[in-house]
Visitor: 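First the structure, which I've put down as structure tokens, then a few questions once you've had a look.
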Amino acid sequence: MNTAYLLVAHGSHDPRPQIGLQRLTDLVGRNLVALPPSTSLAMERSERRNLASNNDLSGRSLAVLTKPTLSVLGVNLECQSLPLHQQIVERVYPLIDQGVTTVNILPLFLSPGVHVCEDLPAEIRQAQLSLATSCRLKTLPYLGSSPLLIPWLEQCFWQYQTRPQAQRILLAHGSRRPGGNRVIAQVAQRLNAQVTFWKTEPSLDQVLSQFPSPAQVVILPYFLFAGGTTDAIQTKTQQLQQQHPGLNLKLGEPLGPNPMLARLIATVFRQG
């Protein structure tokens, strides 16, 4: 195959996001093998319906036993010994000898902050200069912009809520950049959820104070992998449960690595 695939995550000193990226990379590769290119247009028309109707979030129905025969790589923007452009060049050069002429790059970011708008484009441009014409780097829109996320996030909420009328909260990191939280707020609105941010307002405590009790409240962390921040969110949620005894707080898990997310990413790659 003349195309390889590259996932770019944020990076962390915590080992869990790196382990999660490695697992997600493997799952995406297996789904790409199971999803022939000729099916991409059909998937584009039907994937929203499939994701919305598939209640098996464990991924049992998506198990693929075939070993991937294409290259799916994972790198991190930060917390690495080498800058991103050097990581890309080092990972791509061996693939050129194998006949790879194009690398599709998917930024695993959920909002269009500084990393997506400035840092990643600059690093990828520098990597392209080093690779010259030997290989083309094609950057796809960041993961959070995919419309396929909405039906899957809907299913994530239903996985945790036990009451049809449960209150929903989408909890994201938050950006102090003007307009940086607008996209997250739009996602929450489409999910009929309240939006809260870990680093900015409205905070989780502020939103919980608005809910009448008794009520079940499902909190979905809008983070890719578990790490120090999600640990802090879990501790904070336990504290807030004591402060709001009339609310039944249910905290979900971060988004990945998840077989359904891997299938979604594989579809994004095929469509791109």
Visitor: Is there a side-chain contact between L77 and F109 (heavy atoms, below 4.5 Å)?
Guide: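 Contact flag for L77/F109 side chains = yes.
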Visitor: Does any part of the side chain of L32, heavy atoms only, come nearer than 4.5 Å to the side chain of R270, both counted from C-beta?
Guide: yes
Visitor: State, to 0.1 Å, how close C135 and V92 come at their nearest heavy-atom pair, and which atoms those are.
Guide: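 Closest approach of C135 to V92: SG-CG1, 3.8 Å.
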Visitor: Measure the CD-SG distance between E253 and C156 for me, rounded to the nearest 0.5 Å.
Guide: 10.5 Å
Visitor: With rounding to the nearest 0.5 Å, note down the distance linking CG in L129 to NE2 in H85.
Guide: 10.0 Å
Visitor: Spell out, as yes or no, whether a donor-acceptor pair under 3.5 Å connects the side chain of Q161 to the backbone of Q216.
Guide: no
Visitor: Is I19 reachable from F223 through a run of hydrophobic residues whose side-chain heavy atoms are each under 4.5 Å from the next?
Guide: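 Different clusters.
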Visitor: Transitively linked via ILVMFWY side-chain contacts under 4.5 Å: I124 with V116?
Guide: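 Both belong to a single hydrophobic cluster.
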Visitor: Given the rule in the side-chain contact (heavy atoms from CB on, under 4.5 Å) test, do L149 and Y222 qualify, once you have shown the distances and angles that lead to the verdict?
Guide: CA-CA 11 Å; L149 268 180; Y222 200 44; 3.7 Å; yes
Visitor: Rounded to the nearest 0.5 Å, what separation is found between the CG atom of N192 and the CD atom of Q167?
Guide: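 If we round to the nearest 0.5 Å, N192:CG and Q167:CD are 8.5 Å apart.
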Visitor: If I compare all heavy atoms of Q241 with all of L249, which pair ends up nearest, and what's the gap?
Guide: OE1-N, 2.9 Å
Visitor: Grab the two heavy atoms, one from L261 and one from G256, that are nearest each other, plus how far apart they are.
Guide: CD2-CA, 4.0 Å
Visitor: Please say whether more than 12 non-hydrogen atoms of neighbouring residues, nucleotides or ligands are located less than 6.0 Å from CD in Q189.
Guide: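 No, not enclosed.
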Visitor: If you take all heavy atoms of N31 and A266, which pair is closest and at what distance?
Guide: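 That closest heavy-atom pairing would be CB-CB, 3.7 Å.
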Visitor: Starting from L251, can I reach L191 by hopping between I/L/V/M/F/W/Y residues whose side chains sit under 4.5 Å apart?
Guide: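 In one cluster with L191: L251, no.
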Visitor: Just wondering, are more than 12 heavy atoms of other shown residues or ligands nearer than 6.0 Å to CG in N2?
Guide: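 Enclosed.
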Visitor: Over all heavy atoms of both residues, which pair between L171 and W198 is shortest? Give the atoms and the distance, please.
Guide: CD1-N, 3.9 Å
Visitor: Drop me the distance from I88's CD1 to L82's CG, to the nearest 0.5 angstrom.
Guide: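 One finds 11.5 Å between CD1 of I88 and CG of L82.
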Visitor: Evaluate the side-chain contact (heavy atoms from CB on, under 4.5 Å) criterion for residues H10 and C79: first the C-alpha distance (whole Å), next the side-chain angles of each, then the deciding distance (0.1 Å), finally the verdict.
Guide: CA-CA 8 Å; H10 183 278; C79 305; 5.7 Å; no
Visitor: With the side chain counted from C-beta on, respond yes when L143 and L224 share a heavy-atom pair under 4.5 Å apart, and no when they do not.
Guide: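 Yes, close enough: below the 4.5 Å cut-off.
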Visitor: Quick check: closest heavy atoms across P212 and L247, and the distance to 0.1 Å?
Guide: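 Smallest interatomic distance, heavy atoms only, reads O-CD2, 3.8 Å.
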Visitor: How far apart are the C-alpha atoms of L153 and V187, what are their side-chain angles, what is the distance that settles it, and do they pass the side-chain contact (heavy atoms from CB on, under 4.5 Å) test?
Guide: CA-CA 9 Å; L153 292 173; V187 171; 3.9 Å; yes
Visitor: Answer yes or no: is there a side-chain heavy-atom contact under 4.5 Å between Q155 and M260?
Guide: no
Visitor: Evaluate side-chain contact (heavy atoms from CB on, under 4.5 Å) for S203 paired with K236, printing each intermediate quantity in order.
Guide: CA-CA 11 Å; S203 68; K236 183 65 174 180; over 6 Å; no
Visitor: Is there a side-chain contact between Q243 and D205, using heavy atoms and a 4.5 Å cut-off?
Guide: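 Touching, per the 4.5 Å side-chain cut-off.
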Visitor: Is there side-chain contact between L131 and V103, with heavy atoms separated by less than 4.5 Å?
Guide: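 Result no, sub-4.5 Å side-chain heavy-atom pair not found.
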Visitor: Would you indicate whether the side-chain heavy atoms of L106 and V28 approach each other to under 4.5 Å?
Guide: no
Visitor: For Q165, does the CD atom sit with more than 12 other heavy atoms under 6.0 Å from it, leaving out its own atoms?
Guide: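 Result for CD/Q165: open.
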Visitor: Does any part of the side chain of P202, heavy atoms only, come nearer than 4.5 Å to the side chain of F197, both counted from C-beta?
Guide: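 Heavy-atom side-chain distance check passes, below 4.5 Å.
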Visitor: Within a radius of less than 6.0 Å around CZ of R182, do more than 12 heavy atoms belonging to other residues, nucleotides or ligands occur?
Guide: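 No.
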Visitor: Distance from Y5 atom OH to K138 atom NZ, nearest 0.5 Å?
Guide: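 Here the interatomic distance stands at 10.0 Å.
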Visitor: So R168 and Y160, side-chain hydrogen bond (donor to acceptor under 3.5 Å, both in side chains) or not? Walk me through it.
Guide: CA-CA 10 Å; R168 294 177 171 186; Y160 297 110; over 6 Å; no
Visitor: Starting at CG of N258, measure out to CG of L264 and round the result to the nearest 0.5 Å.
Guide: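 Separation between the atoms: 10.0 Å.
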